[in-house]
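The block underneath contains the structure these notes are about, expressed in structure tokens.
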Amino acid sequence: AKSRGGNTFEFFSQAINRGVRERLEIENGLRDALKHGGFKLHYQPQVDLATGSICSVEVLLRWRHPVLGVISPNRFIPIAEETKLILPLGLWVIDRACHQLRSWRNDGITDVRVAINVSVKQLQDESFFKALSSIVKRHGLSGPDIELEITESAIMENLSRVQAILKALQDYGITLSIDDFGTGYSSLGRLKLLPIQSLKIDRSFVQDIETDHGNAKICDGIIALGHSLGLKIIAEGVETEAQKNLLQNSGCDAIQGFLIAKPLPADEVAELITQLNG
Ligand code: C2E
Ligand code: CA
Ligand code: CA
Ligand code: CA
């Protein structure tokens with residue numbers, strides 16, 4: 001029994017070591033990629049249901065670790081947040097996204113904005129607003145060219161700490177969206193306090209909207225609630241024509257998802273914009 005206990009301990013300790021080692025490898029990889037390059041941006045269109053044209057593109061980070069291969073942002077963003085690497089990485093994303101938007105503007109694409117995901121850690125950094133606005137300016141852009149997406153749970157857990165920065169961003173003309181809406185716990189009262197312009201319905205409610213009556217009701221509810229507060233509603237993760245039709249009938253303003261396009265490299269999304277926005 002004694003030796004089996006030892007083996008069990010060894011088994012777990014090896015598993016833990018593997019986990020720790022991989023985490024460390026990701027952390028070091030992030031540092032290295034920040035210094036020497038290695039990140040890429042993809043862009044996923046958001047389509048306005050009233051006009052059928054692309055109103056914004058969401059900016060999504062892509063990274064291939066030299067040893068571990070492609071790693072999902074769902075895996076490396078939390079590590080970047082814990083290590084504060086999200087601060088320089090987040091500014092890199094903003095800089096590259098603005099550079100891309102500038103270049104699209106120069107090519108005559110004038111009616112599209114970029115929607116950038118930001119971590120609440122970035123919003124809590126005192127130098128964030130100054131850094132962001134100077135990047136935007138450097139690329140000859142202005143606040144209204146930019147949308148920021150912040151997840152519902154992060155914002156609600158830090159409401160008092162982010163209120164001032166959200167106000168400053170709004171005054172600068174930046175549009176703020178609450179991401180993954182419906183998964184957190186916003187009350188109407190707290191939602192009303194936030195200087196936001198749109199809600200993104202989480203994919204988990206959209207994905208089986210055709211068959212799950214409860215989820216369909218939740219989407220209807222979010223749309224009605226959002227509209228009553230003067231907010232624009234975007235549904236994420238729309239994969240089928242049936243989902244799109246249901247959302248459109250419920251008054252949803254915009255959709256994003258594989259039905260329109262996967263997140264694409266800049267040149268491919270530009271082609272799609274030219275096609276759809278004519
Ligand atoms: P998110 O902001 O909720 O982004 C939407 C995710 O859903 C993306 O995953 C996208 O590729 C995926 N998606 C879009 N349409 C569909 C669809 O129709 N079906 C399905 N099954 N999936 C769809 P991705 O790119 O892996 O990003 C995961 C998360 O990582 C994002 O979730 C966001 O929270 C975070 N993230 C990505 N880029 C950044 C960034 O630059 N900064 C920060 N702070 N977070 C980022
Ligand atoms: Ca997002
Ligand atoms: Ca989301
Ligand atoms: Ca998400």
Side-chain angles (χ1 to χ4, degrees), residues 26 30 33-34 38-47 54 56-64 69-100 113-125 128 132 135 146-155 158 162 175-184 196-210 219 222 233-244 247 254-266 268-269 272:
I26 291 177
L30 287 171
L34 268 168
F39 297 108
K40 247 184 14 182
L41 297 182
H42 277 184
Y43 301 85
Q44 188 179 34
Q46 297 175 352
V47 165
I54 296 174
S56 298
V57 292
E58 179 175 1
V59 179
L60 293 156
L61 252 177
R62 294 294 176 259
W63 182 41
R64 178 191 289 274
V70 172
I71 303 180
S72 159
N74 285 322
R75 174 92 177 95
F76 70 78
I77 293 285
I79 296 174
E81 288 175 345
E82 283 162 34
T83 54
K84 295 247 180 112
L85 290 169
I86 194 68
L87 299 181
L89 180 54
L91 290 179
W92 182 86
V93 170
I94 293 167
D95 180 65
R96 290 297 85 196
C98 286
H99 176 85
Q100 186 58 60
R113 307 190 294 168
V114 285
I116 302 171
N117 291 290
V118 289
S119 153
V120 79
K121 290 268 179 329
Q122 292 173 266
L123 297 180
Q124 285 171 9
D125 177 43
F128 179 69
L132 170 119
I135 292 170
I146 313 293
E147 262 168 53
L148 297 182
E149 298 190 359
I150 311 152
T151 60
E152 182 187 17
S153 50
I155 211 171
N158 296 279
V162 296
T175 312
L176 299 164
S177 315
I178 298 200
D179 208 347
D180 301 348
F181 190 78
T183 61
I196 53 167
Q197 284 71 40
S198 47
L199 300 178
K200 292 188 79 175
I201 306 177
D202 192 67
R203 177 159 62 86
S204 60
F205 301 114
V206 171
Q207 93 196 331
D208 44 13
I209 192 178
E210 304 111 303
C219 289
I222 293 175
I233 314 298
I234 305 165
E236 64 178 22
V238 177
E239 295 183 354
T240 68
E241 202 68 49
Q243 289 166 352
K244 175 189 160 183
L247 289 159
I255 58 167
Q256 176 179 359
F258 295 170
L259 176 67
I260 312 288
K262 296 199 166 170
L264 298 168
E268 288 175 44
V269 88
L272 201 60

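Please read all numbers here as calculations on a predicted model, not as lab measurements. Order of listing sets the numbers, starting from 1, for every ligand and every atom in it. We use all heavy atoms of the structure for the numbers below, so side chains are in, but hydrogens, waters and symmetry mates are not. Numbering of residues begins at 1 and proceeds along the displayed sequence.
- Of all the atoms in ligand 1, the ones that sit under 4.0 Å from a non-hydrogen atom of E239 are 17 (C), 18 (O), 19 (N), 20 (C), 21 (N).
- By the criterion of a heavy-atom distance under 4.0 Å, the side chain of E58, and not its backbone, is placed next to ligand 1.
- At least one N or O atom of F258 sits closer than 3.5 Å to an N or O atom of ligand 1.
- The distance from the CG atom of D125 to the NZ atom of K84 is 8.0 Å, given to the nearest 0.5 Å.
- Looking at ligand 1, you'll find an N or O of D180 within less than 3.5 Å of one of its N or O atoms.
- Residue G257 approaches ligand 1 through these ligand atoms, each under 4.0 Å from one of its heavy atoms: 15 (N), 18 (O).
- Side-chain atoms of E239 and Q207 include no donor-acceptor pair closer than 3.5 Å.
- Annotation: side chain of H42 is not in contact with side chain of L264 (no heavy-atom distance under 4.5 Å).
- Here OG1 of T151 is found 11.5 Å from NZ of K200. Values are rounded to the nearest 0.5 Å.
- Taking distances strictly below 3.0 Å, the protein N/O/S atoms close to the Ca ion (ligand 2) are E58 OE2, N117 OD1, E149 OE1, D179 OD2.
- If you take CD on Q122 and CD1 on I150, they are separated by 9.5 Å, rounding to the nearest 0.5 Å.
- When non-hydrogen atoms are compared, ligand 1 lies under 4.0 Å from neither the backbone nor the side chain of Q256.
- Polar contact check, E81 against ligand 1: no nitrogen or oxygen pair lies under 3.5 Å apart.
- Summarising the geometry, atom CD1 belonging to I178 is positioned 11.0 Å from atom CD1 belonging to I222; distances are rounded to the nearest 0.5 Å.
- With a 4.0 Å heavy-atom cut-off, ligand 1 is reached by the side chain of V93 but not by its N, CA, C or O.
- Looking at ligand 1, you won't find any N or O of T151 less than 3.5 Å from one of its N or O atoms.
- Under 4.0 Å from ligand 1, the heavy atoms of R203 that appear belong solely to its side chain.
- In this structure, a donor-acceptor pair under 3.5 Å is absent between the side chains of S177 and Q197.
- Close approach to Q44 involves these atoms of ligand 1, each under 4.0 Å from a residue heavy atom: 14 (C), 15 (N).
- Side-chain contact between R75 and I26 is present, with at least one heavy-atom pair separated by less than 4.5 Å.
- In this pair, W92 and F39 present their aromatic rings tilted. The plane angle is within the 30 to 60° band.
- Contact annotation for N117 and ligand 1: heavy atoms of both the backbone and the side chain come within less than 4.0 Å of the ligand.
- No option in I233, V206, I234 other than V206 meets the side chain to side chain contact (heavy atoms under 4.5 Å, CB included) test with L247.
- Of the inter-residue distances, the one linking I77 atom CD1 with E82 atom CD reads 12.0 Å to the nearest 0.5 angstrom.
- Atoms of ligand 1 lying under 4.0 Å from at least one heavy atom of G237, given by number and element, are 16 (C), 17 (C), 18 (O).
- Side-chain contact between L148 and T175: absent, with no pair of heavy atoms (C-beta onward) separated by less than 4.5 Å.
- Between L60 and ligand 1, no N or O atom pair is found at a separation short of 3.5 Å.
- Remark: the backbone N or O of V59 is paired with a side-chain donor or acceptor of N117 at under 3.5 angstrom.
- Contact analysis puts R62 in contact with ligand 1, with a non-hydrogen atom separation below 4.0 angstrom.
- Residue-to-ligand polar distances keep Q122 apart from ligand 1: every N/O pair is separated by 3.5 Å or more.
- At under 3.5 Å, a nitrogen or oxygen of D179, whether backbone or side chain, sits near a nitrogen or oxygen of ligand 1.
- Taking E147 as the reference, S56, R113 meet the side-chain hydrogen bond (donor to acceptor under 3.5 Å, both in side chains) condition, with sequence neighbours excluded.
- Counting the atoms of ligand 1 from 1 in the order shown, those under 4.0 Å from a heavy atom of P263 are 11 (O).
- Considering CZ of F181 and CD of E152, their distance stands at 5.0 Å, rounded to 0.5 Å.
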